[in-house]
2 protein chains.
Amino acid sequence: MGLFLSTFVNKVDRKGRVSVPASFRATLSVQPFQGIIAYRSFAHACIEGCGMDFMERLSDSAQNLDAFSPEHDDLSALIFADARQLAWDPEGRILLPEDVMAHAGITEAAAFVGKGQTFQIWEPESYRAAEAEIRARALANRPTLPLRPKAPSQEPR
Amino acid sequence: MGLFLSTFVNKVDRKGRVSVPASFRATLSVQPFQGIIAYRSFAHACIEGCGMDFMERLSDSAQNLDAFSPEHDDLSALIFADARQLAWDPEGRILLPEDVMAHAGITEAAAFVGKGQTFQIWEPESYRAAEAEIRARALANRPTLPLRPKAPSQEPR
DNA sequence: TGGGTAATCATGGGCGTCAATGGTATTGAC
DNA sequence: GTCAATACCATTGACGCCCATGATTACCCA
């Protein structure tokens, strides 16, 4: 399974350690670096998380100026500069740096939120509020997602 | 057989376990992840269910939206963040999480409703009411579905 | 065609295992 | 020597696995 799914709330202990959900670790287990990449979100009060593979994809995309506008290029520069490699310990816990915790307002607990190819880390209460807003918006204005065809490389006529 | 068909009502035991209908399990048996993906519907008081393949299709489709776009954020939050991987036990049962049961109003029984590529899980009485409404609507305003041609080059099953 | 049998499936409960969590010890850097 | 990072250990509580039972269905054969 290659996706980050679901939301898990884990406690942050006195030392700033927090368990990465077992299913997220399973998703990342195929990668050479045993840990996560984390950087402060520039859009929300949360932390963006992903595996090294996704970082490389971002890098590839950033090099392609057609795909990324100058603004996006700046953003990717921000990302790489801010990204930290957080390896987990034998129990599957990472140590959250001070400034990262401060940016997300995390103190006692952290919510790991699956986003498919990536995930986010929120202060649980903040995420609850953000999610409620999104749900309200979804009820008012039902979002749709054009589904791509099922076959791996087949073109619909 | 590759579709979710028919409706099955199964009991939820004291632990919150419920048997996934054998025919649904057969549909999902070809997948690497032995279980279902479930997320709370944002349109109805029910649970949406599918296999991992469908989630991956959703993920692929979501990639078409720009990374970091608000639309992408909302959809990911609503689907990937809320999706739970519910593996079944050797008897074919899944454990329904508390909040998921609450969202659908499920207490003692659950109705598995086939929807073709996906399925839904309802509180049986709620579904009876919802189905009656749909039938009434269909009588008043006959829905149509433009059939696609019977693609000759596709592999038969 | 009917009875009997076997197989499949849904259901209930006990128990072991592993993930999350908290604490202590050890290592290494300054 | 002090501090911080990390490895090691110990606890507990949820959930995954096993067995046992009941009910329904499918199958076989006289």
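Note: hydrogens, waters and symmetry copies are ignored here, and every other heavy atom, side chains too, is used. By convention in this document, chain letters (A, B, ...) are assigned in the order of the sequence lines, proteins followed by strands, and residues within each chain are numbered from 1.
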First of D89(B) and F8(B) reached from the 5' end of DNA chain C, by closest nucleotide: F8(B)
Nearest whole Å is fine: how far is dC15(D) C1' from Q85(B) CD? 15 Å
Is the shortest distance from a Lys or Arg side-chain nitrogen in E131(A) or R40(B) to a carboxylate oxygen in the other one below 4.0 Å? yes
I94(A) CD1 to dA20(C) P: how many Å, rounded? 12 Å
Let's test your reading of the model: under 3.5 Å, does the base of dG16(D) pair with the side chain of R17(B) as donor and acceptor? no
Is V20(B) touching bases, backbone alone, or none of the nucleic acid, heavy atoms closer than 4.0 Å? sugar-phosphate
Record whether the side chain of K15(A) comes under 3.5 Å of the base of dT6(D) through a donor-acceptor pair of N or O atoms. yes
Please confirm whether any donor atom in the side chain of E91(B) sits under 3.5 Å from an acceptor in the base of dC18(D), or the reverse. yes
Identify the two heavy atoms, one from M52(A) and one from Q31(A), that lie closest to each other, and give their separation to 0.1 Å. N-OE1, 3.1 Å
Specify the separation, in whole Å, of atom CG of L95(B) and atom P of dC17(D). 12 Å
Could you tell me the separation between the NZ atom of K11(B) and the P atom of dA10(C), rounded to a whole number of Å? 13 Å
What's the CG-C1' distance between L86(B) and dG16(D), to the nearest Å? 13 Å
Take the protein atom CG of N10(A) and the nucleotide atom P of dG13(D), then report the distance between them rounded to whole Å. 16 Å
Between M55(A) and A83(A) the two heavy atoms that sit nearest each other are CE-CB, 4.2 Å
In whole Å, I'd like the distance from the CG atom of D13(B) to the P atom of dG22(D). 17 Å
Quick one: does R93(A) reach the base of dG22(C) with a side-chain donor-acceptor pair under 3.5 Å? yes
Centroid-centroid distance, F24(B) to F119(B), less than 6.0 Å: yes
Does dA10(C) have its OP1 or OP2 closer than 4.0 Å to a side-chain nitrogen or oxygen of R25(B)? yes
If I take atom CH2 in residue W88(B) and atom P in nucleotide dT11(C), what distance separates them, rounded to the nearest angstrom? 16 Å
Answer yes if the side chains of Q117(A) and S59(B) hold a donor-acceptor pair under 3.5 Å, and no otherwise. yes
